[in-house]
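Report on the structure given below.
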Amino acid sequence: MNAVPPAAAGAPARPARPARAARPQGQWAVDGTAPLNHNEQFKQDDPALNVRRRVEEVYAKEGFASIDPDDLRGRLRWWGLYTQRKPGIDGGRTAQLEPHELEDEYFMMRVRVDGGALTTEQLRVVAGVSTEFARGTADISDRQNVQLHWVRIEDVPEIWRRLEAVGLWTTEACGDCPRVILGSPVAGVAADELLDPTPQIEEIQRRWIGDPELANLPRKFKSAITGHPSQDVVHEINDVSFVAVEHPELGLGYDLFVGGGLSTTARLASRLGAFVRPDEVPEVWHAVVQVFRDYGYRRLRNKARLKFLLADWGAERFRQVLQDEYLHRALPDGPPPPPPVGSGDHVGVHPQKDGRRYVGVAPSVGRVSGEVLAGVADLAEAHGSHRVRLTPHQKLVVLDVPADEVEEVVDGLAALGLEARPNLFRRTTMACTGIEYCKLAIVETKATATRAAAELDERLADVQAGLPAPVRLHVNGCPNSCARIQTADIGLKGQLVAGDDGEQVPGFQVHLGGGLASADREEAGLGRTVRGLKVTADDLVEYVERVVRRYDAGRDGDETFATW
Ligand code: SF4
């Protein structure tokens, strides 16, 4: 083979091909706003938020069959509604069927709870909606939302009326828009808090959630703000995050992260190195969303999250555009946040600023019910508390418990199935919705993970207490990573795998060694897929037990699972 290029060897040079014009990526600020796919088309044809009027005036009266397909599988998401999976369709058929063949005439409804903050009055209304309109279902999601199932379109206006009467919304709970704003679940409360982000979360919600100017983004946009030293809002995997930090000259404020996200192409957020004063957070948040709206890629839906723009631009260019074109001023440089302190799931009993206590509990993989939520509201109020919080770890926190009533509250919550002192896997296991309701799912998750956690806690009772750090187990029903598998010590991605006889059975691809920054891990890192490492759902418990025992036997002193 000739190693010398023909031109260099004296051969006549071929005429240079004209450079191919770069393919438009649908960036509004670069390529114009002409829609490049059906999704972009329907968002422009009729803004998604407009569907609410049709629900109230037509669909709720005329029923499921009257819903326009672009509303059904598109615009309704902007009001927190997804059709749910028809029962009985196995995971092997998920990719083969058309959306209308997979969906039921019922909806999942997502109630957004910005900052995870609920009054007991609001909790009771959610509980009532669950009992009356959602067959008693309720899941606490890992984005501080409450998800209800079995909702009929006929009941949606009444549900909105009840929720909105107590200041709750489903507005932009899903869709290509600013989703729920994650906030520290102990904002304004924890004795060790650095900054209370509540005013900023409330201002963003008041000014921009439901704003038509931000309701057509390239894809979903996830936000997180925390002033707690545990850094409890999984900031590394949001589109924009603000994490409390102390600037040597400017005092307390926030460090700004952008462009994180998981799904099939996981990317940890980039620090822009910019310091944001607390009162500037809403303005900077708004500017970041506008950069995404105007420069985000819209041609391919699976390349439309902000993380892809960050991957191409890098942090420096993003900050420059943010400052020059949107803020019209430079942000000061700032230091990174220190390593997290304490546990960000807030399970257990902890001191508040005012001397009272907050009590964090672990439902099993976030699953509760209308009955349980009503029970929590009753119990809290019986002890003088009127506030609860949901966490990004599928946990629930009761605030304002008098110090001398803590044990009664802990016992009362345990009677509701909510453990303040859970065993290891009850505490660390998370699971997404899975095949029970999700149209994209390949395998079952919630029941599988609940059973696995209970069994693992029994089988590994002898080693749990001695582990230097918790081992986190996250279970997904498909590659989309709603349960954040790449950020778990053991992450399981649902797929069909070969069973003992070679037939396809529900199982998981294994990811190992991931984690977000925490007290036992200074920096976030994504779990590695171990090639070929798959486990059937039936063998899951044995597999995890084996891995944990091997780690425990082989670890060097306080070596954590992630560094082992
Ligand atoms: Fe559905 Fe997949 Fe998300 Fe689970 S990870 S909720 S199966 S889309």
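Both counts, for ligands and for their atoms, begin at 1 and track the order of listing. The chain is numbered in sequence order, starting from 1. These numbers were taken from a predicted model, which means no experiment stands behind them.
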In the protein, which heavy atom is nearest to atom 4 (Fe) of ligand 1, and how far is it?
-> Cys432 SG, 2.3 Å
Between Ser230 and His228, do the side chains contain an N or O donor and an N or O acceptor separated by less than 3.5 Å?
-> yes
N-O pairing of Arg93 and Glu101 below 4.0 Å | no
At under 4.0 Å between heavy atoms, what of Pro479 touches ligand 1? The answer is neither
How about Ser223 and Trp285: do any of their side-chain heavy atoms sit closer than 4.5 Å?
-> yes
Residues Asp345 and Thr391: side-chain donor-acceptor under 3.5 angstrom = no
Using a strict cut-off of 4.0 Å, indicate which atoms of ligand 1 neighbour a heavy atom of Gly477.
-> 4 (Fe), 7 (S)
Do you see an N/O/S atom of Cys478, backbone or side chain, under 2.8 Å from atom 4 (Fe) of ligand 1?
-> no
Given the rule in the salt bridge (Lys or Arg N to Asp or Glu O under 4.0 Å) test, do Arg162 and Glu158 qualify, once you have shown the distances and angles that lead to the verdict?
-> CA-CA 6 Å; Arg162 293 193 195 184; Glu158 174 61 13; 2.8 Å; yes
Identity and distance of the protein heavy atom lying nearest atom 1 (Fe) of ligand 1 = Cys438 SG, 2.3 Å
Arg426 vs Ser364 side-chain heavy atoms within contact, under 4.5 Å | yes
Which atoms of ligand 1 have any heavy atom of Ser481 under 4.0 Å away?
-> 5 (S)
Do any N/O/S atoms of Cys482 come under 2.8 Å of atom 3 (Fe) of ligand 1?
-> yes
